[in-house]
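Every heavy atom of this structure was used, including side-chain atoms; hydrogens, water molecules and symmetry mates were not. Remember, it's a predicted structure, so these values are computed and weren't measured experimentally.
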Amino acid sequence: MSQPILCVAVPTPLYRRFDYLPPAGAAHTTPQPGQRVRVPFGRRSVIGVLLEVVTHSDIEQRKLKRAQAVLDTEPVIGADILAMVSWASRYYQYPVGEAFAAALPGLLRQGQSPEATPRVHWRLTAAGQSVDPATLARAPRQAAVIAALHVHTDGLARAALDAPAAVLHALADKGWIEPLTQAPLPAGAGTGTVRGHALNPAQQAAVDCMRERLDTYQPWLLEGVTGSGKTEVYLTLIEEVLAQQRQTLLLVPEIGLTPQLVSRFQRRFPVPLAVLHSGLSDRERLSAWQQARTGLAPIVIGTRSAVFTPLARPGLLIVDEEHDVSLKQQDGFRYSARDLAVWRARYLDIPVLLGSATPSLESLFNVEQQRYRRLALPERTGVAQLPDYELIDVRHAPLEQGLSAPLRRRIRDHLDADGQVLLFLNRRGFAPTLMCYDCDWVAECRRCDARMTWHHSDNRLHCHHCGSQRPVDTACPACHGRDLHPMGQGTERVEQALAEYYPDVERLRIDRDTTRRKGALGALLERARHGRRQLLLGTQMLAKGHHFPNVTLVGILDADHGLFSTEFRASERMAQLIVQVAGRAGRHDRPGQVLIQTAHPDHPLLQLLVTHGYPAFARAALEERRAARLPPVTHLALLRAEATEADAPVRFLEGVQARISAAAVAGVEAWGPVPATMERRAGRYRAQLLLQSDRRGSLQQLLGDLVRQLEQDRASRQVRWSVDVDPADTY
Ligand SMILES: [Zn+2]
Ligand SMILES: [Zn+2]
């Protein structure tokens, strides 16, 4: 009798899977799919994932190598993740072994056991309960842990405590805290959970609709205006799912995963939360993953890659801010976490809830096609009102350091009335470029087709595309003149202007430069939440999901970027950002006002947005897409190539184009190749070829064949190439 053959996903950039014989001496047990296996690969030994056990290989049995060991006694990857990652590797045209590597915590890729994680819950000991955190003034991090555990008497997960291991161990050594040998069990609904607010009628209707169908696959789009209480709907549904002893996985954009969100969940549900985000150590990531997998954590919250987290008793998937571009991975394994969540929910036959104040046109189109069902929260909770919009025509109100006179006056009025003002500018640094007034030279990156941004804090020029920097030029390299000036505004420069105009007012700047340090964002947001008579200035970090109850005026300093971009999604993004930023205003008892500076106040989409709101904008934008045969009405894939030699990428893509013509797959069109909008980045030249089709299946068939041909082709080794299916950006 022939031996079973193990089909293994091996972490390598090759697209296919690899066949092995079972390890010697393992004849009595058949390995199971989802277990990790150590296999010889070339001259190395690597850890792969067993995909399938079959009886036949295309390779002769005597040529097959033997696997070295099966690492797990049971599958570490469940059937749903196994199926989803296998499907995603085909759909997104990414090597299956590397797709699985992306889906597994690093320590598991290195062969560690998922069980060998340390205890991760801590609670106060009897001695600790009598410690007053105020007596620990000289050890603020220890004091914070003690204070948190005083509130959460059942204990808290390591991740929720946000303290380094050394701090916890110091407290344990003093006998004040102890690790929990057994994490608290999931509490049923109502038992021990803090009751939420009473739901308003729209929230209640949304909950009731979903409650009817909690035991079956159904994608829901929860379209709730900013401040309408989407999170309260999530919490109520989670409570329901918890009562059924099932788990919820909540995906949020990276920026949305603030300590406030986690503590809100922690307050509501005194059960272990598994929290997964990019800031975790390998050890923390594995233990959160394991808590989800064993069911110890009934609620799992995470950013994009958390969609791969195994769940012992899956009950509900939620994707918050489903329109957010950060849910789509932009390099390597270019998956959409939102779309995978929907796929996984269908496989598991459970509901999936997509929430947003500004849904993607994709999801709205799916509602139109009756694939998703829509739930609406049209009103803000409590007494809060939606803000009023007003456009400032900067052709007639010239900007001084980025601020027009009408905006400056209005800022003063709101500050005088004890209001908080939020200013939005999606450009960090001091000035987006440095210019010579004598000869019009501008400072450009030497490695990219892009301008350098002047940063005041270190007085250097930074390239935001490749990260290179250099000192600010003191003389013009072209004409040797000394008349060099910053052009345009970044957040640093506007902050300086605000200091001149409003010297007596506290300013908080929130962008990537002011939040690099761990905990800095949380601290700034905390100050912003309680601020009155305060100026907040920031990039899109400030726009999303945060609740600033005292903001009465929002100023959008430059709305025009999205109106005339070559990127077809730019206007959708602009509208989403404007609505999200505007949504920070008037969230409490005071009405909010939104001022938008633009040189194109008559632009039809902008007009529609400010007079009739996002739904009207979205309908018009969707009609434009339909007319232009662009997604979501059709499907796109982008082939990108880059090389150090200038002509190589276009030449390579011309060859690809020829193959596509030869394949003549009906209904697929190829556009290009063309050089990328920024042709040179980080010293490499880039080009792209766009594929478009009315039918996803045709596009998939073509891509699958193409990728396998390119893998074999010598010419494809002259360039770096990649495939982006459903690209978020087409430049
Ligand atoms: Zn010059
Ligand atoms: Zn650069």
Side-chain angles (χ1 to χ4, degrees), residues 225-228 357 380-394 396-427 489-511 514 524-559 577-598 601 606 609-611 613:
V225 298
T226 54
S228 61
R380 291 192 153 190
T381 55
V383 290
Q385 301 268 306
L386 275 175
D388 283 332
Y389 287 98
E390 199 179 312
L391 299 176
I392 297 177
D393 185 348
V394 297
H396 303 124
L399 301 175
E400 271 178 50
Q401 312 199 67
L403 305 166
S404 64
L407 177 60
R408 292 199 307 267
R409 271 197 306 277
R410 215 70 75 79
I411 293 173
R412 172 55 73 197
D413 292 346
H414 279 258
L415 291 172
D416 287 348
D418 216 20
Q420 197 180 22
V421 174
L422 187 158
L423 298 174
F424 172 76
L425 178 63
N426 215 5
R427 218 164 28 224
Q489 277 79 30
T491 46
E492 269 188 350
R493 193 175 190 186
V494 172
E495 187 189 16
Q496 221 173 65
L498 293 174
E500 289 165 26
Y501 288 124
Y502 314 100
D504 51 334
V505 177
E506 184 188 20
R507 296 170 308 277
L508 300 182
R509 174 161 65 92
I510 299 183
D511 58 27
T514 59
L524 280 167
L525 291 175
E526 191 60 31
R527 271 170 70 194
R529 215 174 354 268
H530 301 296
R532 283 185 173 261
R533 204 167 181 282
Q534 187 184 55
L535 284 156
L536 308 178
L537 166 68
T539 57
Q540 55 178 324
M541 295 187 91
L542 201 51
K544 298 183 182 173
H546 310 302
H547 183 66
F548 303 124
N550 304 325
V551 167
T552 55
L553 174 67
V554 165
I556 292 168
L557 300 192
D558 179 9
L577 259 177
I578 288 178
V579 174
Q580 296 282 344
V581 179
R584 302 312 112 207
R587 288 171 73 94
H588 204 47
D589 51 350
R590 298 204 261 181
Q593 218 171 26
V594 182
L595 298 183
I596 301 175
Q597 297 189 141
T598 174
L606 189 57
L609 182 70
V610 300
T611 52

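Taking the side chain as every heavy atom from C-beta outward, V594 and E390 never approach each other to under 4.5 Å. In this structure, L553 and R410 have side chains that are in contact, with non-hydrogen atoms separated by less than 4.5 Å. You'll find the side chain of T539 reaches within 4.5 Å of the side chain of T491, heavy atoms only. When side chains are defined from C-beta on, D511 counts as touching R509, because their heavy atoms get closer than 4.5 Å. Using a 4.5 Å cut-off on side-chain heavy atoms (C-beta onward), V551 and V421 make no contact. Inter-residue side-chain proximity for I556 and L595 is flagged as unmet; no heavy-atom pair is nearer than 4.5 Å. Put simply, the side chain of L557 reaches to within 4.5 Å of the side chain of V494, judged on heavy atoms. Looking at Y501 and E400, their side chains come closer than 4.5 Å, going by heavy atoms from C-beta outward.
Checking side-chain atoms of Q597 against main-chain N and O of G402 turns up a donor-acceptor pair under 3.5 Å. Checked by atom type and distance alone, the side chain of S404 never pairs as donor or acceptor with a backbone atom of L399 at under 3.5 Å. Side-chain atoms of Y502 never come within 3.5 Å of backbone atoms of A497 as a donor-acceptor pair (strictly under, hydrogens ignored).
In this structure, a donor-acceptor pair under 3.5 Å is absent between the side chains of Q420 and H414.
Counting all heavy atoms, side chain and backbone alike, G419 lies closest to T552 at CA-OG1, 3.7 Å. Closest approach of L537 to L542, counting heavy atoms only: C-CD2, 3.7 Å. Nearest heavy-atom pair across G531 and N550 is O-ND2, 2.9 Å. Between L425 and D558, the shortest heavy-atom distance links the atoms CD1-CB, 4.3 Å. Of all the heavy atoms in L498 and R507, the pair that sits closest is CB-CD, 3.7 Å. The two atoms that bring A559 and I596 nearest to each other are CB-CG2, 3.4 Å, heavy atoms only.
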Discussion item. Under the criterion side chain to side chain contact (heavy atoms under 4.5 Å, CB included), I'd like the reasoning laid out for Q496 against Q401: C-alpha separation, chi angles, the key distance, then a yes or no.
Written reply: CA-CA 9 Å; Q496 221 173 65; Q401 312 199 67; 5.5 Å; no
Worksheet item: Could you walk me through whether Q593 and V554 pass the side chain to side chain contact (heavy atoms under 4.5 Å, CB included) check?
Response: CA-CA 6 Å; Q593 218 171 26; V554 165; over 6 Å; no
Item to complete: Quick one: do R533 and D504 satisfy side chain to side chain contact (heavy atoms under 4.5 Å, CB included)? Show the steps, please.
Response: CA-CA 10 Å; R533 204 167 181 282; D504 51 334; 3.3 Å; yes
Discussion item. Walk me through whether L391 and V610 qualify under side chain to side chain contact (heavy atoms under 4.5 Å, CB included).
Written reply: CA-CA 8 Å; L391 299 176; V610 300; 4.0 Å; yes
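Atom CZ of R427 and atom CZ of R493 lie 10.5 Å apart (nearest 0.5 Å). With values rounded to the nearest 0.5 angstrom, R527 atom CZ is found 9.5 Å from I510 atom CD1. Within the model, atoms CG of L524 and CE of M541 stand 9.5 Å from one another, a figure rounded to the nearest 0.5 Å. In this structure, CG in L535 is found 6.5 Å from CD1 in I411, a value given to the nearest 0.5 Å.
Using a 4.0 Å cut-off between charged side-chain N and carboxylate O, R412 and D416 make a salt bridge.
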